[in-house]
Amino acid sequence: MSATPAAVNQMPREHYLNATWGIRSWLLTTDHKRIALLYLASVTFFFFIGGAFATMIRIHLLSPKGLLVTPETYNKLFTMHGVAMIFFFLIPSIPAVLGNFLLPIMIGAKDLAFPKINLLSWYIYLVGGCFVLYSFSTGGLDTGWTFYTPLSSVYSNSAVTPAVLGVFINGFSSILTGLNFIVTVHTMRAPGMTWFRLPLFVWAQYATSIIFILGTPVIAITLLLAGLERVFHLGFFNPALGGDPILFQHLFWFYSHPAVYIMILPAMGVISEIIPTFARKPIFGYSFIAGSSIAIAVIGFFVWAHHMFVTGESTYAALTFSLLSYLVAIPSAVKVFNWTSTLYKGSISYDTPMLYALGFIGLFLIGGLTGLFLACLGLDIHLHDTYFVIAHFHYIMVGGAVMGYVGGLHYWWPKITGKLYPEFLARIAAITLFLGFNLTFFPQFILGYLGMPRRYASYPPEFQVLNVMSTAGASILALGYLLPMIYLTWSMRYGAIAGPNPWPGTGLEWRTPSPPPTENFDVTPEVTWEPYDYDNRPDLGLDVSGAPALAHGDD
Amino acid sequence: MHRTGELYEQYRTLEQQRETASLGMWIFLSTEVLFFAGLFMTYTLNRSTYPDIFSEASKTIKLSWGAINTVVLIGSSLTMAMAVWASQTGKKKALTWFLIATLVLGTVFLGIKSVEYHDKYVEHHIPGWNFQFEPGADAATNAHAQLFFSLYFGMTGLHALHMIIGAGLLLWLIRESLRGRFTPEYNTPVENIGLYWHFVDIVWIFLFPLLYLIDRH
Amino acid sequence: MSEQHSEQHHIASPTLYLTIFAALMICTFLTVVAAKIDLNQYFSGLNIIVALTIAVFKASLVVLFFMHAKYSPKRTQLVIIASVFWLAIMLFMTMSDYVSRSWT
Amino acid sequence: MSTRQIVQHRKLAHDKERNKTVQADLPLYPEQASNFAMSVDGLMAYITAVCAFFAIAITAAIIYFFFKYRRKHPGEVGVPIHGDMRLETAWIVVPLFLALTMFGWGAVVYVDFRRAPMDTLDIYVIGKQWMWKIQQPTGLREINELHVPVGRNVKLILASEDVIHDFSVPAFRVKMDVVPGHYNTMWFRPTKAGRYHFFCQQYCGTNHALMGGWVTVMEPMEYAAWLSGSSEATANPVLAGEKLFAEKACNTCHVTNGTGRAPSLNGVYGANVLLADGSAVTADDAYLRESILNPQAKIVAGYAPLMPSFQGQLTEEQIIDLTSYIKSLQSQPVPTKGSGVAPATGKK
Ligand code: HEA
Ligand code: HEA
Ligand code: CUA
Ligand SMILES: [Cu+2]
């Protein structure tokens, strides 16, 4: 089903968007929903910056000699692409936008535990972002997003210091968000909202927050040390002064491997919400999906050195880290199997969020499975730092996490704005994205196995055919991103009125008007039902008679 | 209204509000642990690579200052704990005095620290261009000793920064306590800043043996 | 709220604090004394082991009593354990790389 | 430059090119030219098969359910199924088992790669921004070219003068980072004559993409002929090392007959050295390098830690020269106090 007849729905007279007016009421707001929208705007901004760099990368690689820029500039392009996309788009995207908006509503709270700190984290994000933009605009930086020493700390002539500072500062934004989420989940739940009634999205955010608070400080101190080393010519990671460059990698990946789960866990949470809603049945294996989120967050901390198999790390360490990398794959497998099983005997609709969710499963599957190739010691000797790695992580991060994010945006768009987007266009966009994505990144697996190194501004001519395919795909992909941008913006004004529960969904967020009032609920809800339970929810107006569903909230 | 800590609108009960603040503080401290962890890791590796130079470099810092500072800081932890106790039992006068005592001890610590830093400056032991471990030391010895001192200044510097922030928080607490804001029912800021202060103390408890006590025999 | 911690706010007594303080002072004294003795001759690395054991003991006293962890809710204790555990992961697993490099 | 151009460019009389580098238009894997190629490709096939099975099975299930259970009328709900313990167990245990097989097989290949056999031909490779300097055992130097014989176990000893690089030969399926500050080693046995790309595969700054070259695999006879007859610059590293040994005053302490303050270096290479802390190490390249740059790290039993560190005073090439010289001192091993003798005291 898509739009319920708009006539029966009305926008609430007062909601969080129109409760107060003026720019100050936004910049000084402590309402988690407004802060989420501030994040939405800033995160989108960085996505476009990163996307513009990606576009230039792909155009440049059309020709073996490089089409567009000098090698020096090319190096800056992929570095800035990685930094913008990872630290300023993907890591904050789902937690700070969707998580911020939904987490308090989903557990029946009026706001996060620390609303002012929430606003503060957005400002910290902005300050960090400004540093990074400053570094981009004063010559850019060319260290790769991994900032490996001693290249970054001694040899690079580019604007490393402001960029490192920017990422350092941005870390505190993540930390505060994570802190806020954890405390909120612990202490702010509505009566009746027990741990095992939490929506899986909340579980995923909780797991993500564990990584935020225990991992992020490490990248902060590491980059601080690298920055100090650069500015004061110290020797922590510089072998010429007795330091050890591999130590930097250990510290960097201690955070940055778990950080990949920061990016995927929230998307997994989104998928776990979308699938039961559009299959209209309880999720299969609730506790396994919830538990696997926590398992991924914890075990994810034990595998970091799988990025270092060929640095000369000890053989024994490599064996340990490889084995543990295989263990961390199991909880992901559990999720995939449970999502698939949820479809069985469902009542599946073809609405846009569902298309994204299924696309997510397929692409995450390929991305995750190719992680198994890389975690394999013998194979990683060959694959390390080739385009195979590039393809692997774009499959997970673009095909998985970004798809999850965009799908989630579509799913909750009616809640956020109170309006419906044009369904037909949205489906077209979803399919365009899926096809464009595969054309862009599948050839890169082959390129990688053939041995094409990553971060190459020019390459041997035998690799050209596959590169051209990839660039062609990227242009389709860009179109796929442009479309939602346009119609979602359009729908804010012209979209049909959504009503409180258009799909209908079972969570608490669907039991309050769209858009919700500032304090989220007119009366504090009391939870008496199990999650994703359609059978005991007469209020949803579904089932039995088979009569057309007229969704209406109960408040 | 603001006197005794009103209920913020996002909470349902005062009890909930207090628990939330305490949990938030603890989680913040756990991120602090991991923040220092990066330094401890760097320290561990470098010390195990250059044990002899680390021990020689450690001997150039004055043990007595470090020991005195340990006593001072633990003393300030005691007064802080007493301050929390005073606020819990409603002894408003005592609270103010304990807070002032904590602040004084903290300042003494920072004062001694700056004397030590000054000594190091005189001895050319500040990492950077003018670094010179011993007259005539060869380049490699210099570099490795500089590693020790980079860590010394990194770790104690970060610690001192925490102390300075703590001192600022104490000043604020003292002001509020003079206004009589804290009662047995409402003393969350005292408790939380107390937690922070003790954490800073704990960091020092590790820094002292690691930096001052290498092979003092 | 689902999990209630109905326990009263625990208030420790000043005597306890003074006792803990005294213990901390004794430990500080011990750790300086221990550093002055060459323990490494009995067992390589014994000096640092002793120093760190004392430090861990001191830190535990501060956490348990000054910071009231002993009387705190379970989840607070979990936070403490988690942070120490994560610190250990980092130190232990990173060092395991360096230590085992020369193994054959 | 295209593959062929380069090949023509480098056609030397003794260098009979077997131009095998031009591959089919869309190959799926690079040429197999070393002992590791087969095992890595085998691994690849195995893991691909397992993963393809899961990918296809799951995708098929999704598509099937998607159409089979599509919503028939708007008010319909699905059948409430909450889970199934047996299924959950199955899809934990089966993938776990398969993952362990992948791990095990991968580990076997990796351990093989990390443990070089004894009888290797040792070639030094120095990376610097942005070129490779390669030194054959005879001291023959090459730049961005590496010649090796077919069928011999070749060990590369990798050093970097600035940042981290990575030496990678896709046709051999091997690579290893080149880390400043210590030696990494890698080995392979070429199985097919020809010319193959090698790349710098760790990002190292501006011209990272240009920091590549060619491995030429030759028949052993040709290789020998090439080594002796090459017009490329030759310098004898042993002689250079001997000179340095005097220049840097190593010989003031390291006297040949072992009577000096320092152990004699005669026959030390490859020997088992007893250390002051009671442990023992095999004196390989990495050990010699460390002994020169950070002598305090491992003290030979029976000697005082007198030796100054030479870090920062020797280039990577000089270190290689010194090492080559020390390696050449195999003639009349003089027992040092350290070898075979129990440690004197545990005291530092
Ligand atoms: C969101 C991001 C994300 C996620 C979730 C993952 C998930 C995984 N990654 Fe990935 N990875 C990256 C982002 C991500 N990665 C990035 C950015 C890099 C490169 C960084 C750089 O160098 O710039 C990288 C690099 C990288 C490497 C280093 C490669 C190299 O440089 O040499 C390795 C090696 O082990 C690896 C492994 C894995 C594994 C095992 C998983 C697992 O978690 C995957 C688990 C999922 C599944 C396995 C699929 C579902 C399972 C089934 C359907 C059942 C069947 C399963 C079995 C038979 C076991 N990744
Ligand atoms: C969240 C993370 C994320 C995301 C979303 C993406 C998205 C994309 N990435 Fe990115 N990528 C990384 C993270 C990410 N990448 C990282 C971490 C690296 C490694 C960096 C390093 O090595 O240091 C990397 C590296 C990397 C490379 C390898 C460079 C190299 O090693 O030499 C390539 C090459 O194809 C690439 C391509 C793309 C493409 C085509 C997209 C597309 O999906 C992007 C599509 C989106 C848009 C195009 C924006 C929308 C478009 C428009 C609105 C229209 C046009 C706009 C303008 C042109 C102004 N990426
Ligand atoms: Cu050298 Cu890349
Ligand atoms: Cu990883």
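Sequence lines set the chain letters: A, B, ... in the order given, protein chains first and strands last, and positions in each chain run from 1.
The stretch residues 161-170 of chain B participates, sequence neighbours left out, in these side-chain hydrogen bond (donor to acceptor under 3.5 Å, both in side chains) pairs: Glu32(B)-His162(B).
At least one side-chain heavy atom of Ser150(B) sits less than 4.5 Å from a side-chain heavy atom of Phe236(A). Residues Ile221(A) and Phe40(B) are not in side-chain contact: their nearest non-hydrogen atoms beyond the backbone lie 4.5 Å or more apart.
Heavy atoms closer than 4.5 Å to chain A are found nowhere in Phe36(B), neither backbone nor side chain. Within the 4.5 angstrom heavy-atom criterion, no atom of Thr30(A) approaches chain B. Proximity to chain B is limited to the backbone of Leu112(A), based on heavy atoms less than 4.5 angstrom apart. Of the atoms belonging to Phe212(A), not a single heavy atom falls under 4.5 Å from chain B. With a threshold of 4.5 angstrom between heavy atoms, Ile213(A) approaches chain B through its backbone and through its side chain. Looking at Leu225(A), the atoms closer than 4.5 Å to chain B (heavy atoms on both sides) all sit in the side chain, from C-beta outward. With a 4.5 Å cut-off on non-hydrogen atoms, Asp244(A) touches chain B through its side chain but not through its backbone. There is no contact between Tyr255(A) and chain B, counting heavy-atom distances below 4.5 Å. Looking at Leu158(B), only its side chain comes within 4.5 Å of chain A, counting heavy atoms on both sides.
Distance check: Leu45(B) CG to Leu247(A) CG gives 5.5 Å after rounding to the nearest 0.5 Å. In this structure, CD1 in Ile117(A) is found 9.0 Å from CZ in Phe28(B), a value given to the nearest 0.5 Å. The distance from the OG atom of Ser30(B) to the CG atom of Leu179(A) is 7.5 Å, given to the nearest 0.5 Å.
Top candidate by heavy-atom pairs under 4.5 Å with chain B, chosen from Thr184(A), Leu234(A), Asp111(A), Thr222(A), is Leu234(A).
Environment of OH in Tyr121(B): sparse, with no more than 12 heavy atoms of neighbouring residues, nucleotides or ligands closer than 6.0 Å. Enclosure of atom NZ in Lys120(B) by more than 12 non-hydrogen atoms of other residues, nucleotides or ligands within 6.0 angstrom is indicated. Counting non-hydrogen atoms of neighbouring residues, nucleotides and ligands closer than 6.0 angstrom, the NZ atom of Lys59(B) exceeds 12 such neighbours.
Here the shortest heavy-atom pairing between Gln146(B) and His233(A) reads NE2-O, 3.4 Å. The two residues Leu241(A) and His144(B) come nearest to each other via the heavy atoms O-CD2, 4.2 Å. His186(A) and Leu23(B) make their closest contact through CB-CD2, 3.6 Å (heavy atoms, listed as atom of the first residue, atom of the second, distance). Ile175(A) and Thr31(B) make their closest contact through CG2-CG2, 3.8 Å (heavy atoms, listed as atom of the first residue, atom of the second, distance). Ala220(A) approaches Phe35(B) most closely through the heavy-atom pair CB-CE1, 3.7 Å.
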